[in-house]
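Take a look at the structure below.
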Amino acid sequence: MGRTDYCGRISPAAVGATVTVAGWVHRRRDHGGLIFIDLRDRTGLVQVVVSPDAAEAFATADAVRPEWVVSATGPVAERPEGMANPDLATGAVEVRATHLTVWSRAETPPVSPADGAAVDERVRLKHRYLDLRRPELLKNFVLRDRVVFAVRRWMHAHEFLDVETPTLGRSTPEGARDFLVPSRLQPGHVYALPQSPQVWKQLLMVGGVDRYYQIVKVFRDEALRSDRQPEFTQIDVETSFLSQSQILDLMEDMVRSVFQEALGVTLPPWPRLTHAEALAQYGTDKPDLRAGPPLVDLTAVGQQVGALELPEAASWVGIVVEDAALSRKQLDALVEQARALGAPGLWWIRRTPEGVRTNAGRALADGGAGRLADAAVLGRDGLLLVMAGPMGVVNRHAGAMRLAVAAQLGRAASGFHFLWVTDFPLFEWSADEDRWTSAHHPFTMPNPSDLVLLATDPGAARSQAYDVVLNGVELASGSLRIYDPDLQAQIFSVLGLTPAETASKFGYLLDAFRFGPPPHGGIAFGLDRLVMLMAGAESLREVIAFPKTHTGSDPLMGSPAPADPGQWAELRLTPWGPDLPQRSS
RNA sequence: GGAGGCGUGGUGUAGCUGGCCUAACACACAUGCCUGUCACGCAUGAGAUCACGGGUUCGAAUCCCGUCGCCUCCGCCA
């Protein structure tokens, strides 16, 4: 074999040298008396020219087809006058092959790495190895490697220890549905794959590790989306003896260093918003800061000018869009979208040289539209969207409309806009289960000043939990943890876990906390999402080498697959159910 | 658990208000010609039981029902 150089790295400096390049035939252009082969490897393309002077190589080049694996040996030459290709990194040079060797042939590929055309997802996944040859896809994995390397470099420099935790663990209540693994040695018992190494990393803190991180696969058996896979990778972090603001500063520094190293992008400091502020200003706990200014609270003026249709509206919210060139048709579409969200409606108010124009009509008192525009400090040619209704719900709807307007305007496209969201509520009420559930997870430390609320008003208690949000996507989530067994028991009790259940399911953790647990806290980043956003990709599938489909299957290996009767027997299990799924292919 | 979209040669699509479809177009593929192309060009050709099953009809890619698969969204995802 004996490759000497990567295709994409042949440069004018190599002119005159004899090289051997190897890879896949990207394209072949046969001129009868002269054959050009674009040869592709991980680094890119280089043009190989084969002339009839090299008779044997020429005969080989004549037979070669796309995606065959070949190597070419010959001198690097500058291309003739006027023949350079400025669109190709190696476009100034070419390899004049004296020898050409075929190492593998290829059938006509169902996914053409040279075309890069949109191909059906199941075809791409079934032949993922062909899809991966596409330079557009491969570059995502180059980036992913750079990100992981930058993370590890930073972690090592800051004395974080990479400690592995088990993949076979124990199912816990709360949170996502677990993937279960039946035990053969202990029939009827199961392991659970981790939703996160949460408890393990807390036990590592009790074990004195002090600073832990792990780039680790985690598993959640929930419905999938373009940004959710059943197994995904976290950058999992835990520290001892640090305050919340120290942890936030550290993690922000880590991400900043990763962006600098992997992407050459310098991030500004991240804004910090409390959960309550995020809801008030953006109507969501994961604001997209690219989508224009915050919402404006118009409740005071709104209640004065009144809405004949909504006399009892407790909350009025405005979305200010400066310089909005939206047509009447687009405005109508926005009103429709608002209705689709379940909002009673949407009023637009526009300042024009001729005065204020609005679709609110007689719903507002005379001059009401103008007063709302004044209150929102609406500039010339500005557009104000107003929504009114019950407290809370209005903000959520307005937050969604804020994004809809940005999408309509084609804004919110570029840049990396991070922020911290802090002070999440400790609990959320689950109507389904008729009980309090943890907003983050049951080990989250309450805000010390809200401890009294645990017994009286759990819904009002804030936690010391925080999220990292990037461009409207939840990228990381973390908290300070409880390390007092009594407090932990109190939280379990609010969650409706009986002492017996607690002892059975979390006894090991409460035990550990009896032996000197340090104050600790941490965070977990979604690595796949991070790389997806850094790569500008639309789906997690673009940054995972062998992803699952929307229904959790892998068309390449054909998983999940039925188990043999013998395998079921060993596990002492029987597939059960009215009708097990039929398979078509 | 729910809603929507899609499934036609290797790939991407058209056809889908039933008969003109013996299924069209582009790319890819095969054969031939061509010594400076780079999405090379030119000519000729092969390749599809229209996802699967059932139904309606004289007649189904087209209409109806079901199944499977893929995508997107809501619920869900501590």
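Computation of the quantities below employed the complete heavy-atom set of this structure, encompassing side-chain atoms and omitting hydrogens, waters and symmetry-equivalent molecules. Proteins get letters first, then strands, A, B, ... in listed order; numbering begins at 1 in each.
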* Asked: Roughly, in whole Å, what's the span from CD in Glu433(A) to C1' in rC76(B)?
  -> 11 Å

* Heavy atoms under 4.0 Å, any strand shown: does Thr437(A) hit a base, just sugar-phosphate, or nothing? -> nothing

* To do: Could you tell me the separation between the CG atom of Asp120(A) and the P atom of rC68(B), rounded to a whole number of Å?
  => 18 Å

* Asked: Which is true for Ser226(A) with a 4.0 Å heavy-atom rule: it touches a base, it touches only sugar-phosphate, or it touches nothing?
  -> sugar-phosphate

* Asked: Are any non-hydrogen side-chain atoms of Pro287(A) and Val421(A) less than 4.5 angstrom apart?
  -> yes

* Asked: Under 3.5 Å, is there a donor-acceptor pair linking the side chains of Arg481(A) and Gln488(A)?
  -> no

* Sticking with atom C1', work out how far rC71(B) lies from rG15(B), rounded to a whole angstrom. => 23 Å

* In whole angstrom, give me the gap between the P atoms of rG47(B) and rC25(B). => 15 Å

* **Rounded distance in Å between the P positions of rG45(B) and rG59(B)** => 36 Å

* To do: Return the nearest nucleotide to the side chain of Glu222(A); candidates are rC71(B), rG12(B), rC76(B).
  => rC76(B)

* Asked: Which whole number of Å gives the distance between the C1' atom of rU8(B) and that of rC52(B)?
  -> 14 Å

* **Gln234(A) CD to rC77(B) P, straight-line distance once rounded to whole Å** => 16 Å

* **Integer-rounded Å distance: rC71(B) P and Leu540(A) CG** => 13 Å

* pair Arg541(A)-Gln229(A): side-chain heavy atoms closer than 4.5 Å -> yes

* Does the side chain of Thr502(A) come within less than 4.5 Å of Phe492(A)'s, by heavy atoms? -> yes

* To do: Mark yes or no for a side-chain to base donor-acceptor pair under 3.5 Å between Arg220(A) and rC77(B), with no hydrogen or angle criteria applied.
  => no

* **Rounded P spacing from rU35(B) to rA26(B) in Å** => 27 Å

* Describe the nucleic acid contact of Pro110(A) in one word from base, sugar-phosphate, nothing, applying a heavy-atom distance below 4.0 Å. => sugar-phosphate

* Asked: What interatomic distance, in whole Å, is found between P of rC65(B) and the corresponding atom of rG9(B)?
  -> 24 Å

* Do His550(A) and Arg228(A) have a side chain donor and acceptor closer than 3.5 Å? -> no

* To do: Look through every strand shown and name the nucleotide pairing with rA24(B) as Watson-Crick or G-U wobble, where both distances are under 3.5 Å.
  => rU13(B)

* Asked: What about Arg122(A), does its side chain sit under 3.5 Å from the base of rG7(B) through a donor-acceptor pair?
  -> no

* Within a reach of under 6.0 Å around NE2 of His31(A), are more than 12 heavy atoms found that belong to other residues, nucleotides or ligands? -> yes

* Give none if rA30(B) has no partner; otherwise give the nucleotide forming a Watson-Crick or G-U wobble pair with it, both distances under 3.5 Å. => rU44(B)

* OP1, OP2 of rU11(B) versus side-chain N and O of Ser112(A): anything below 4.0 Å? -> no

* **Flag side-chain contact, heavy atom, 4.5 Å: Pro197(A) against Val218(A)** => yes

* **Minimum-distance nucleotide (side-chain atoms of His550(A) versus rA28(B), rC77(B), rU72(B))** => rU72(B)

* Asked: Do we see a donor-acceptor contact under 3.5 Å between the side chains of Tyr212(A) and Asp236(A)?
  -> yes

* To do: Indicate whether the side chain of Thr165(A) and that of Gln214(A) have a donor and an acceptor atom separated by less than 3.5 Å.
  => yes

* **Spacing of Leu193(A) atom CG relative to rC77(B) atom C1', expressed in whole Å** => 16 Å

* Asked: Starting at CD of Glu107(A) and ending at C1' of rC29(B), how long is that distance when rounded to a whole Å?
  -> 12 Å

* To do: Using the C1' atom as the reference point in each nucleotide, state the distance between rA39(B) and rG75(B) in Å, no decimals.
  => 46 Å

* Do Trp436(A) and Ser430(A) get their side chains close enough for a donor-acceptor pair, meaning under 3.5 Å? -> no

* What integer number of Å spans the C1' atoms of rU17(B) and rU62(B)? -> 10 Å

* Ignoring backbone atoms, establish whether Arg134(A) has a side-chain N or O less than 4.0 Å from OP1 or OP2 of rU11(B). => no

* Contact class for Ala223(A) (heavy atom, under 4.0 Å): base, sugar-phosphate, or nothing? -> base

* To do: Nearest-nucleotide wise, let me know which of Arg65(A) and Gln195(A) is further upstream toward the 5' end of RNA chain B.
  => Arg65(A)

* To do: Classify the nucleic acid contact of Pro66(A) as base, sugar-phosphate or nothing, counting any heavy atom under 4.0 Å across all strands shown.
  => sugar-phosphate

* Atom pair distance, as rounded to whole Å: NZ in Lys126(A) and C1' in rU11(B) -> 16 Å

* Asked: Can you give one letter per nucleotide of nucleotides 32-46 of chain B, 5' to 3': B if a protein heavy atom sits under 4.0 Å from the base, S if only from the sugar-phosphate, - if neither?
  -> --BBBBBSB------

* To do: Round to a whole Å and report the spacing from CD of Glu121(A) to C1' of rG5(B).
  => 15 Å

* To do: Just call it for Ser196(A): base, sugar-phosphate, or nothing, with non-hydrogen atoms closer than 4.0 Å on any strand.
  => base

* **Base-pairing mate for rC68(B) - Watson-Crick or G-U, with both contacts under 3.5 Å** => rG7(B)

* With no angle test and no hydrogens, is the base of rC70(B) tied to the side chain of Arg124(A) by a donor-acceptor pair under 3.5 Å? -> no

